[in-house]
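These notes are about the structure you will find just below.
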Amino acid sequence: MKGKVLLMAVLALLLSVVLYRHLTPLSTTQLSGKVVLVCDASSGVGEELAYQLAEQGAQLMLVTRTGRSESLLNSLKDGKLGSPQAQLQISAHTWRMLQKVKDTSLELGSPRVELLSFDFGNVTGAHSLVDATVELFGRLDYLVMNHAEVPRGSILKVQQHQNAEYIDRTFRVNVFSFIQIALRAMPHLEQSQGHIFVTSSTLGEVPAAEFPVFTATKHALNGFFYSLQKELAQNNSPVTLTVGNLGEVRTKTRMPLFRLPRCLTGDQIECAQGIKDSLVSRIQTFTFPKLHPYFVRSMWYLLSQ
């Protein structure tokens, strides 16, 4: 039985690779002039997506995160990420990064780029991102929610990860802010017949040791937005929604979650390309990289027997 399951997984894997490499790239010219709100665009996939959207002539509202930032943990002299001094350093640094993204996006062809900084742990204020976008641009066509809090380390060994406030903040950033931003954007997206892209994770389908809180948030995120996806379809809404099932993506700023062979990881340029194409194709699920989800699902099934 295990042999058959493994064989089917391998065959599905090979088929997906062949199709992925031979599909004709989508035309994204319809993004020209459209208003796109991108959450967490100062680095990584969000930064690359901003550049690719700019090349298509999209108007951009780019948001950077304030609050916790894992990429700067090792660069802080005091090493205390939660201290006021550390938070000020992080906020200033990420804002400078976002300004560089703006400059590059304008050079690449975007007619207009505006910037915001926001702490996504502030759920009650999340609506302000949509409000500011509509106030400045007069409309909203696409919403890309790409932010996340990623607790690293064993919850049984790291005392901070057992702290109720820390767990609550992770859910506020990874789940509740997504919900509030999406609901606030809905009337505007109804008017523009727009689209939502939700960045989730392979861990939203398959659990992994040492990531229980992050895994729980991604399961919750998938549960809400796949349900919302069905409700939109039942109501014949012009708004569509893609859930991004992302595995390990290589970026310049983020530490990898797992040690995986290069063939099971993806490049941020290709990932951003897939997200941009999803805005046009309006597919229900975007999976990237193609090999990783099949691999982890097969291994989880085989090892759990």
Side-chain angles (χ1 to χ4, degrees), residues 40 43-46 65-91 93-94 119-123 145-178 198-224 244-266 268 289 291-305:
D40 202 1
S43 62
V45 174
R65 288 180 57 195
T66 59
R68 185 174 183 270
S69 176
E70 62 180 17
S71 62
L72 293 181
L73 176 59
N74 296 325
S75 66
L76 298 176
K77 293 181 179 179
D78 60 8
K80 297 178 181 178
L81 198 55
S83 68
Q85 179 185 359
Q87 297 299 338
L88 288 174
Q89 290 182 50
I90 290 170
S91 298
H93 181 80
T94 55
D119 179 1
F120 289 96
N122 177 16
V123 176
M145 294 182 286
N146 181 55
H147 53 285
E149 191 99 354
V150 187
R152 294 172 180 269
S154 170
I155 195 170
L156 299 179
K157 298 178 181 178
V158 182
Q159 192 65 36
Q160 181 189 7
H161 291 179
Q162 300 178 22
N163 183 279
E165 184 178 347
Y166 185 79
I167 294 172
D168 176 68
R169 173 174 172 79
T170 304
F171 270 86
R172 281 186 278 127
V173 173
N174 291 6
V175 183
F176 304 144
S177 68
F178 277 73
V198 178
T199 298
S200 187
S201 168
T202 303
L203 293 179
E205 297 184 11
V206 180
E210 300 193 354
F211 292 93
V213 177
F214 180 74
T215 298
T217 64
K218 291 304 179 181
H219 273 76
L221 196 69
N222 285 357
F224 179 86
N245 180 23
L246 304 188
E248 194 67 71
V249 180
R250 299 186 303 275
T251 71
K252 298 177 182 178
T253 57
R254 188 177 66 82
M255 295 171 56
L257 296 180
F258 306 101
R259 295 179 179 178
L260 296 172
R262 191 176 181 85
C263 65
L264 296 178
T265 65
Q268 69 178 32
L291 298 181
H292 184 235
Y294 296 108
F295 173 78
V296 295
R297 288 172 192 145
S298 299
M299 293 302 297
W300 179 53
Y301 178 82
L302 292 172
L303 295 176
S304 63
Q305 299 304 304

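Numbering starts at 1 and runs along the sequence shown.
- Remark: N122 CG to R169 CZ distance equals 9.5 Å, nearest 0.5 Å.
- The side-chain hydrogen bond (donor to acceptor under 3.5 Å, both in side chains) search around D40 returns none, not counting sequence neighbours.
- Atoms CZ and CD1, on F214 and I155 in that order, are 14.0 Å from each other to the nearest 0.5 Å.
- Under a 3.5 Å cut-off, the side chain of T170 and the backbone N or O of E149 do not form any donor-acceptor pair.
- Ring orientation note: the planes of H147 and F120 are close to parallel, at an angle under 30° on the 30°/60° scale.
- Of the N and O atoms on the side chains of T199 and N146, at least one donor lies less than 3.5 Å from an acceptor on the other residue.
- Residues L203 and T215 share a closest heavy-atom pair of O-CG2, 3.1 Å.
- Taking both residues in full, the closest heavy atoms of K218 and S201 are given as CG-CB, 3.9 Å, listed atom of the first, atom of the second, then distance.
- The side-chain hydrogen bond (donor to acceptor under 3.5 Å, both in side chains) search around N163 returns none, not counting sequence neighbours.
- Side-chain contact between T202 and L246: absent, with no pair of heavy atoms (C-beta onward) separated by less than 4.5 Å.
- Between L221 and N174 there is no side-chain heavy-atom pair separated by less than 4.5 Å.
- Scored by the side-chain hydrogen bond (donor to acceptor under 3.5 Å, both in side chains) test, H219 finds no partners at all (sequence neighbours excluded).
- The line from CD of E165 to CD of Q160 is 10.0 Å long, rounded to the nearest 0.5 Å.
- Contact between N222 and S200 at its shortest, heavy atoms only, is OD1-OG, 2.7 Å.
- Of all the heavy atoms in V173 and A148, the pair that sits closest is CG1-C, 4.1 Å.
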